[in-house]
Visitor: 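Attaching a single structure in structure tokens format; questions to follow.
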Amino acid sequence: MSAPKKSVVVFDYGFGNVRSAERAVARAGASVRITRDLETALAADGLLVPGVGAFAACMAGLRAARGDWAVERRLAGGRPVLGICVGMQILFARGVEHGVESEGLAEWPGTVGPLEAEVVPHMGWNTVDAAEGSRLFAGLGAEERYYFVHSYAVHDFTLPPSGSAAVVPPKVSWSTHGRPFVAAVENGPLWATQFHPEKSGDAGAHLLTNWIETL
């Protein structure tokens with residue numbers, strides 16, 4: 001008798017291609033539901049938070065749907081959350097767009113700012129320098145390419161000293177467009193990617209399968 005599929009909720013707060021995410025997660029082997037119902041989001045094995053558009057608008061939409069509360073509650077209980085694209089960016093402390101600063105969820109310190117490159121947006125396929133020991137990129141070679149569409153990114157990921165040897169630092173993976181930027185983070189139950197795994201073909205499907213296997 002086969003084990004039941006893991007359940008994943010794609011949180012629908014109005015900012016993200018939820019249908020593409022739903023199809024990709026289902027392809028990767030999970031049972032998927034698109035909803036903004038908070039009880040369902042809390043009960044699922046995994047919560048996926050997509051995001052497209054502007055940082056401030058995404059944060060406003062997430063707060064209006066109380067998605068910020070759902071993310072915080074899940075993480076407080078060690079329950080997995082995956083952020084994608086702007087869904088990753090809003091996990092940082094702040095975002096700066098057109099000179100206007102907006103507060104993020106502050107799960108990680110750092111500022112999301114404009115890409116420092118000759119060509120913006122960064123649109124298309126690019127490689128990722130995966131962190132050593134990454135579970136997200138396990139089984140994926142350095143030559144694999146992932147699909148990016150963004151004009152903003154985190155260029156510096158520096159955590160304050162924890163003062164405890166028991167605290168495991170996040171695994172941070174990088175990509176480069178103009179200069180290096182954060183492409184993915186694995187931090188306990190909280191994982192995130194700047195690129196779109198749901199648009200990244202077989203490599204993206206493999207990556208989502210890696211996440212689902214941890215649920």
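Values below: all heavy atoms of this structure, side chains included; hydrogens, waters and symmetry mates excluded.
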Visitor: Is there a side-chain contact between R66 and R36, using heavy atoms and a 4.5 Å cut-off?
Guide: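 They are not in contact (no side-chain heavy atoms under 4.5 Å apart), so the answer is no.
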
Visitor: Would you please test T158 and D156 for side-chain hydrogen bond (donor to acceptor under 3.5 Å, both in side chains) and show each step?
Guide: CA-CA 6 Å; T158 303; D156 178 58; 3.1 Å; yes

Visitor: Would you say T127 and E144 are linked by a side-chain donor-acceptor pair, where the criterion is simply a distance under 3.5 Å?
Guide: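 There is no such pair (donor and acceptor under 3.5 Å, judged by atom type) between the side chains of E144 and T127.
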
Visitor: Could you tell me whether the side chain of H177 reaches within less than 4.5 Å of the side chain of L115, counting heavy atoms only?
Guide: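 Touching, per the 4.5 Å side-chain cut-off.
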
Visitor: Kindly check if the number of other-residue, nucleotide or ligand heavy atoms within 6.0 Å of CD (E118) is above 12?
Guide: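 12 or below, so no.
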
Visitor: If you look at every heavy atom in W191 and L136, which pair is closest and at what distance?
Guide: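 Closest approach of W191 to L136: CE3-CD1, 3.5 Å.
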
Visitor: Kindly indicate whether the side chain of T111, heavy atoms from C-beta on, has any atom under 4.5 Å from the side chain of V154.
Guide: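 SC-SC contact between T111 and V154 ruled out.
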
Visitor: Is the distance between the ring centroids of F148 and F195 less than 6.0 Å?
Guide: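 When the ring centroids of F148 and F195 are compared, they turn out to be within the sub-6.0 Å range.
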
Visitor: Can you confirm whether E103 is buried at CD, in the sense that more than 12 heavy atoms of other residues, nucleotides or ligands lie under 6.0 Å from that atom?
Guide: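 No.
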
Visitor: Please give me the minimum heavy-atom distance between Y13 and A65, naming the atom from each residue.
Guide: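 Closest approach of Y13 to A65: CB-CB, 4.0 Å.
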
Visitor: Using the six-membered ring wherever Trp is involved, compare the ring planes of F181 and H122 and label them parallel, tilted or perpendicular (cut-offs 30° and 60°).
Guide: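 Because their plane-to-plane angle is over 60°, the rings of F181 and H122 count as perpendicular.
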
Visitor: For I212 versus A28, what's the shortest heavy-atom pair and its separation?
Guide: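 It is CD1-CB, 3.6 Å.
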
Visitor: Considering only NZ, NE, NH1 and NH2 on the basic side and carboxylate oxygens on the acidic side, decide whether R27 and D202 come within less than 4.0 Å.
Guide: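 Judged by the 4.0 Å cut-off on N to carboxylate O distance, R27 and D202 do form a salt bridge.
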
Visitor: What are the two closest non-hydrogen atoms of H196 and I84, and how far apart are they?
Guide: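 Heavy atoms only, the tightest pair is ND1-CG2, 3.9 Å.
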
Visitor: Counting only heavy atoms not in R33 (residues, nucleotides, ligands), do more than 12 fall under 6.0 Å from its CZ?
Guide: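 No, not enclosed.
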
Visitor: Going through the checks in order, is the side-chain hydrogen bond (donor to acceptor under 3.5 Å, both in side chains) test met by E97 and S102?
Guide: CA-CA 8 Å; E97 295 173 317; S102 305; 5.6 Å; no

Visitor: After noting the C-alpha distance and the side-chain angles of W211 and V8, does the key distance pass the side chain to side chain contact (heavy atoms under 4.5 Å, CB included) rule?
Guide: CA-CA 11 Å; W211 177 63; V8 172; 4.0 Å; yes

Visitor: Of the options L48, V25, V9, which is the one that meets V32 in a side-chain contact (heavy atoms from CB on, under 4.5 Å)?
Guide: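 In the set L48, V25, V9, the residue that makes a side-chain contact (heavy atoms from CB on, under 4.5 Å) with V32 is V25.
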
Visitor: Kindly give the heavy-atom pair with the smallest separation between F137 and N210, and that separation in Å.
Guide: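 The answer is C-ND2, 4.0 Å.
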
Visitor: So, for H150 and Y152, is the gap between ring centers shorter than 6.0 Å?
Guide: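 Ring-ring flag for H150/Y152: false, centres at least 6.0 Å apart.
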
Visitor: Does the distance from a Lys or Arg side-chain N to an Asp or Glu carboxylate O, for E101 and R94, drop under 4.0 Å?
Guide: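 Yes, charged N to carboxylate O under 4.0 Å.
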
Visitor: Any idea which heavy atoms bring P160 and P109 closest together, and the distance?
Guide: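 Closest pair (atom of P160, atom of P109, distance): CD-CG, 4.2 Å.
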
